[in-house]
K.L.:
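Below is one structure. I have some questions about it.
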Amino acid sequence: MRKIYPDATAALEGLLQDNMVIAAGGFGLCGIPERIIDAIVDSGVKGLTIASNNAGIDGEGLGKLLRTKQIKKMISSYVGENKEFERQYLAGELEVEFCPQGTLAERMRSGGAGIAGFYTKTGVGTQVAEGKEVKSFNGDDYILEEGIFADLAIVKAWKADESGNVIFRKTARNFNQPAATCGKTCVVEVEEIVPTGSLDADAIHLPGIYVQRMICGAPYDKKIEFRTVRESV
């Protein structure tokens, strides 16, 4: 099976359509699939529902898709550092489903495992629980959260072999691993592709069975959301 594509546009060919659901890895600007996001922007696809911890920042990451009004709904945990996200939400231009970070990760993981839903205490008695089934276990209330089943998963990794076995680098793993598993098709961009068999099997974070398409997006400019330096003395 062919997994390696020359660029993000080629890797997304035939996968994009209006009103689809996309699970995206990343946390702020850490571990975001920026080459794939740029290709989605260029495609003009619209009405997207995107499950991601946040929407990047203004003009970076998923913030680019907000700027072009291609996102209809965000399923997210955090909206800080993105004024356009805030503006669109408060203006009623963007639907937002707030979801606690751990719950969001588990909803993605559940979708990847074929689990339709699970009960959690997180959010009981808050706005998060509104409209959701509540069930009592041993005297404690839990709310039912549904697994996320996306049409497409887009993720960023550090290294992969030609069979699609993937290694993430430190905190850049974040939501990439669960997001990768819950899409019908998973497209991964990596910094380096090496021959099959050259990676330590015990170091693999995402087995190639989950990866359908892959690109090498290097070189990358490592962006920093807030650069803080010590004052000179």
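Note that these values count all heavy atoms, side chains included, but never hydrogens, waters or copies made by symmetry. Quick note: residue numbers are just sequence positions, from 1.
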K.L.:
Salt-bridged, Lys121 to Asp140, with N to O below 4.0 Å?
P.N.:
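A salt bridge links Lys121 with Asp140.
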K.L.:
Given the rule in the side chain to side chain contact (heavy atoms under 4.5 Å, CB included) test, do Lys46 and Asn19 qualify, once you have shown the distances and angles that lead to the verdict?
P.N.:
CA-CA 6 Å; Lys46 59 184 183 298; Asn19 303 310; over 6 Å; no
K.L.:
Got a sec: does the CD of Glu146 have more than 12 other heavy atoms crowding it under 6.0 Å?
P.N.:
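No.
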K.L.:
Can you tell me how far apart OH (Tyr210) and NE2 (His205) are? Round to the nearest 0.5 Å.
P.N.:
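One finds 14.5 Å between OH of Tyr210 and NE2 of His205.
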K.L.:
Without hydrogens or angle criteria, can the side chains of Tyr5 and Glu189 be said to hold a donor-acceptor pair below 3.5 Å?
P.N.:
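No pair is found: no donor N or O on one side chain lies under 3.5 Å from an acceptor on the other.
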K.L.:
Answer with yes or no whether the side chains of Thr196 and Ser163 bring together a donor and an acceptor at under 3.5 Å.
P.N.:
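Yes, because at least one side-chain N or O of Ser163 sits under 3.5 Å from a partner of the opposite role on Thr196.
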K.L.:
Measuring from atom CZ of Arg173 to atom CZ of Phe175, what distance do you get when rounded to the nearest 0.5 angstrom?
P.N.:
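Going from the CZ atom of Arg173 to the CZ atom of Phe175 covers 13.5 Å.
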K.L.:
Mind running salt bridge (charged side-chain N to carboxylate O under 4.0 Å, His left out) on Arg35 and Asp7 for me, showing each step along the way?
P.N.:
CA-CA 8 Å; Arg35 305 286 183 257; Asp7 54 43; over 6 Å; no
K.L.:
Tell me if the CZ atom of Arg87 is crowded by more than 12 foreign heavy atoms within 6.0 Å.
P.N.:
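Counting other residues, nucleotides and ligands, CZ of Arg87 exceeds 12 neighbours.
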K.L.:
Apply salt bridge (charged side-chain N to carboxylate O under 4.0 Å, His left out) to residues Glu191 and Lys156 and explain how you reach the verdict.
P.N.:
CA-CA 8 Å; Glu191 298 184 30; Lys156 163 76 187 306; 3.3 Å; yes
K.L.:
Considering residues, nucleotides and ligands other than Tyr142, do more than 12 of their heavy atoms fall under 6.0 Å from its OH?
P.N.:
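Yes, OH of Tyr142 has more than 12 neighbouring heavy atoms, counting only those of other groups under 6.0 Å.
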K.L.:
Can you find a pair of side-chain heavy atoms, one from Phe168 and one from Trp158, that are under 4.5 Å apart?
P.N.:
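They are not in side-chain contact.
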K.L.:
Under a 3.5 Å cutoff, is there a donor and acceptor pairing between the side chains of Glu95 and Tyr89?
P.N.:
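No, no side-chain donor-acceptor pair sits under 3.5 Å.
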